[in-house]
Protein chains: 2
Amino acid sequence: MVKTATTQVWADHARSVLERAGHHRGGARDAVIDLLAAQRCALSALEIEDALRAADRRVGRASIYRVLELLAHHRLIQRIELGDAAARYELAAPDGDHHHHLLCERCHRVVPFNDPGLERSIERLSGRLGFAVAEHDVVLHGACAHCAR
Amino acid sequence: MVKTATTQVWADHARSVLERAGHHRGGARDAVIDLLAAQRCALSALEIEDALRAADRRVGRASIYRVLELLAHHRLIQRIELGDAAARYELAAPDGDHHHHLLCERCHRVVPFNDPGLERSIERLSGRLGFAVAEHDVVLHGACAHCAR
DNA sequence: TTGGGAGTGAGAACGAGTCCTATTCTATGG
DNA sequence: CCATAGAATAGGACTCGTTCTCACTCCCAA
C-alpha cells in the first residue's frame, strides 16, 4: 500500500481520534483505515472488502461495516449515497474541505465539484431555520459539462 | 380514495404525459398514480404496496417498481433517498416547487424545508460549471429546530 | 374482431447490509 | 511478565428492498 504524506496524516489523525475516544486498536480497523487513506475517490463497503481481499488482507464483512460506522460517527469519513444501490464512503478532510457530486444521466459518470456559494447558502439556511447542521449532502442529476453541449 | 382538485390535476397530468409518450394504459399504473396523488408525503415502494393491499387493490411488486421508474423517468415524481434502507417517492409538482429534507440525528424525524436561496445557488453553480441540472437533492444531517435548542 | 405488443402478477433471485456467536486480541493492573 | 476482562474480529446465516423472469392478460390500432 502506497502511503503519501497526506494520506498518512489522515490515517494518524483517525487513529488518534479513536484512541482518545477510548477504543482499543484492532487489525481489521487498521486495514480499513489504511485502505481508505490510500483512496482518492469514494468506495462502497463491498468494494473495500474486495480490495482488502485482493491485497490478501481478508476482513470480515461485519467488521468493515462496523469500522465505517465508527469512522462516520466521528466524522472521519462521510457516507454518501448517489442513488445507486450501495452507500459510498469518502475521507472527510480535517480542514473541512469537501465536495459534492453530479450524476450524469447520459454518460453515468460521477463528477465531483465544490462551490463556496452553495456552502454559504446552506449555512445561512440552517441558521434561519434553527437547524444545527452537522453534515450535508448535495447530489445533482443531469448532464455533465461534457455531455451538456 | 379522496381526490382533491390538486391531486386530480397531477394525476391527469401524469396520465396525459404517459399517453403522449406512447404508453398504453393499465390497471396497476392507474392504481399507483391515484394513490400517489392522494399523498402529501413521500412513500416507499413497499408502503405503496401495503396501502394498495389495504385498499383491496393488490398490485404486483414488480409493477409498482416499474410504474415508479416510469414516473420518475418522466419527472412526474422524484426519488429521494434519506439514508435509511428504502427509497421514497414524492410527487414532483408541475410548477417546479419542491423541498428538501433534514434528517434529525437525535429524534430521527424527517423535516422538510425549502429555501429559495439554496435553489438560486444551485442554479448559479450549474451554469458556472456547465452542468445541465435536471434535478437536485439536498439532505442535511444534524439536529432539527426542536432538538437543537 | 383480432393480432401483437404493452402491461401485469407471482415468485424466484440478487445484493447490500445486519445479526449472532464463538474466537482472538488489546490494554490494564497485579 | 502474566492474568483477565472486555473490546474487536471472522464468518456465516439472515433480513429485506429491489430486480429479474416468464407466463399470462389487457389495450388498442388496423
Side-chain angles (χ1 to χ4, degrees), chain A residues 14-36 42-74 76-77 79-90, chain B residues 14-36 42-53 55-74 76-77 79-90 108:
Chain A
R15 289 200 180 89
S16 83
V17 167
L18 295 182
E19 192 184 336
R20 254 177 280 138
H23 289 279
H24 291 185
R25 305 193 46 176
R29 194 143 72 208
D30 275 352
V32 172
I33 288 178
D34 282 340
L35 180 71
L36 284 173
L43 285 185
S44 72
L46 280 314
E47 284 168 349
I48 291 172
E49 185 180 20
D50 289 345
L52 289 172
R53 190 186 9 253
D56 234 8
R57 175 62 182 88
R58 255 202 178 69
V59 169
R61 184 170 301 177
S63 300
I64 293 175
Y65 281 103
R66 224 175 311 112
V67 170
L68 290 173
E69 190 192 342
L70 186 65
L71 291 172
H73 180 257
H74 287 279
L76 293 162
I77 58 176
R79 182 177 201 271
I80 59 181
E81 304 222 21
L82 297 178
D84 52 347
R88 285 154 197 290
Y89 300 84
E90 211 167 50
Chain B
R15 288 200 180 87
S16 84
V17 166
L18 295 182
E19 191 184 337
R20 255 176 279 136
H23 290 277
H24 292 183
R25 303 194 49 171
R29 193 141 74 206
D30 275 350
V32 172
I33 287 176
D34 282 340
L35 180 72
L36 284 173
L43 285 185
S44 72
L46 281 313
E47 285 168 349
I48 291 172
E49 185 178 21
D50 289 346
L52 289 172
R53 187 183 16 247
D56 235 10
R57 177 62 183 88
R58 256 202 178 67
V59 169
R61 185 167 300 177
S63 300
I64 293 175
Y65 281 103
R66 250 192 315 257
V67 171
L68 291 173
E69 189 192 341
L70 186 65
L71 292 172
H73 180 257
H74 287 279
L76 294 162
I77 58 177
R79 183 179 202 269
I80 59 181
E81 304 221 23
L82 297 179
D84 52 345
R88 285 154 196 291
Y89 300 85
E90 210 167 50
H108 298 106

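We name chains A, B, ... by the order of the sequence lines, and we start the count at 1 in each one. Since the model is a prediction, treat every value here as computed from it, not as a measurement.
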At less than 4.0 Å, is any side-chain N or O atom of B:Arg57 found next to OP1 or OP2 of C:dG9? Yes or no.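 True: B:Arg57 side-chain N/O within range (under 4.0 Å) of C:dG9 OP1/OP2.
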Once you round it to whole Å, what is the distance between C1' of D:dT19 and CG of B:Leu46?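 After rounding, the reported distance stands at 13 Å.
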Between A:Gly60 and B:Tyr89, which residue's closest nucleotide on DNA chain D lies nearer the 5′ terminus?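 Closer to the 5' end of DNA chain D: A:Gly60.
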Check the phosphate of C:dG7 against B:Ser63, side-chain N and O only, distance under 4.0 Å to OP1 or OP2. Yes or no?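 B:Ser63 to C:dG7 OP1/OP2: no side-chain N or O under 4.0 Å.
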Out of C:dG17, C:dA10, C:dC20, which nucleotide sits closest to the side chain of A:Ala62?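 Closest nucleotide among those given: C:dC20.
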Length of the line joining B:Leu43:CG and D:dG17:C1', which is rounded to integer Å: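 The answer, rounded to whole Å, is 15 Å.
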From C-beta outward on B:Arg25, which listed nucleotide comes closest to its side chain: C:dA16, D:dC28, D:dT9?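 Nearest to the side-chain atoms of B:Arg25, counting from C-beta on, is D:dC28.
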Check whether any side-chain nitrogen or oxygen of B:Tyr65 sits under 4.0 Å from OP1 or OP2 of D:dT19, and answer yes or no.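 Checking B:Tyr65 against D:dT19: no side-chain N or O falls below 4.0 Å of OP1 or OP2.
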Would you kindly give the CD1-to-P distance between A:Ile48 and D:dT9, to the nearest whole Å?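 Distance, rounded to whole Å: 14 Å.
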Could you tell me whether the side chain of A:Arg15 and the main chain of A:Arg25 form a donor-acceptor pair under 3.5 Å?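 Judged by distance alone, no pair lies under 3.5 Å.
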Respond yes when some side-chain nitrogen or oxygen of A:Arg29 is under 4.0 Å from OP1 or OP2 of C:dT26, and no when none is.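 Indeed not, no polar side-chain atom of A:Arg29 lies that close.
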Which nucleotide in the list D:dT18, C:dG9, D:dT9 gets nearest to the side chain of B:Arg66?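 Nearest to the side chain of B:Arg66 among the choices is C:dG9.
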Side chain of B:His24 only, heavy atoms from C-beta on: which candidate in C:dT8, D:dC27, D:dT9 is closest?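 The answer is D:dC27, which lies nearest to the side chain.
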Interatomic distance, A:Glu81 CD vs C:dA16 C1' [rounded to whole Å]: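 Distance check: A:Glu81 CD to C:dA16 C1' gives 11 Å.
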So if I take every side-chain heavy atom of B:Arg61 and compare against C:dA10, D:dT18, C:dG9, which nucleotide ends up nearest?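 Of the candidates, D:dT18 comes closest.
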If you count the non-hydrogen atoms of other residues, nucleotides and ligands that lie under 6.0 Å from CZ in B:Arg53, is the total more than 12?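 Atom CZ in B:Arg53 is crowded, with more than 12 foreign heavy atoms closer than 6.0 Å.
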Whole-Å gap separating C1' (D:dC27) and CD (B:Glu19):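 To the nearest whole Å, that distance equals 12 Å.
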Give a yes or no on whether the backbone of A:His24 and the side-chain of A:Arg29 come within a donor-acceptor separation of less than 3.5 Å.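 Confirmed, A:Arg29 side chain pairs with A:His24 backbone.
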Which whole-number value in Å describes the distance from A:His23 NE2 to D:dG6 P?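 Going from NE2 in A:His23 over to P in D:dG6 covers 17 Å.
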In whole angstrom, give the distance that lies between atom CD of B:Glu69 and atom C1' of C:dG7.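 It works out to 14 Å between those atoms.
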Would you mind reading off the distance between B:Asp30 atom CG and C:dA6 atom C1', rounded to a whole angstrom?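 Distance check: B:Asp30 CG to C:dA6 C1' gives 14 Å.
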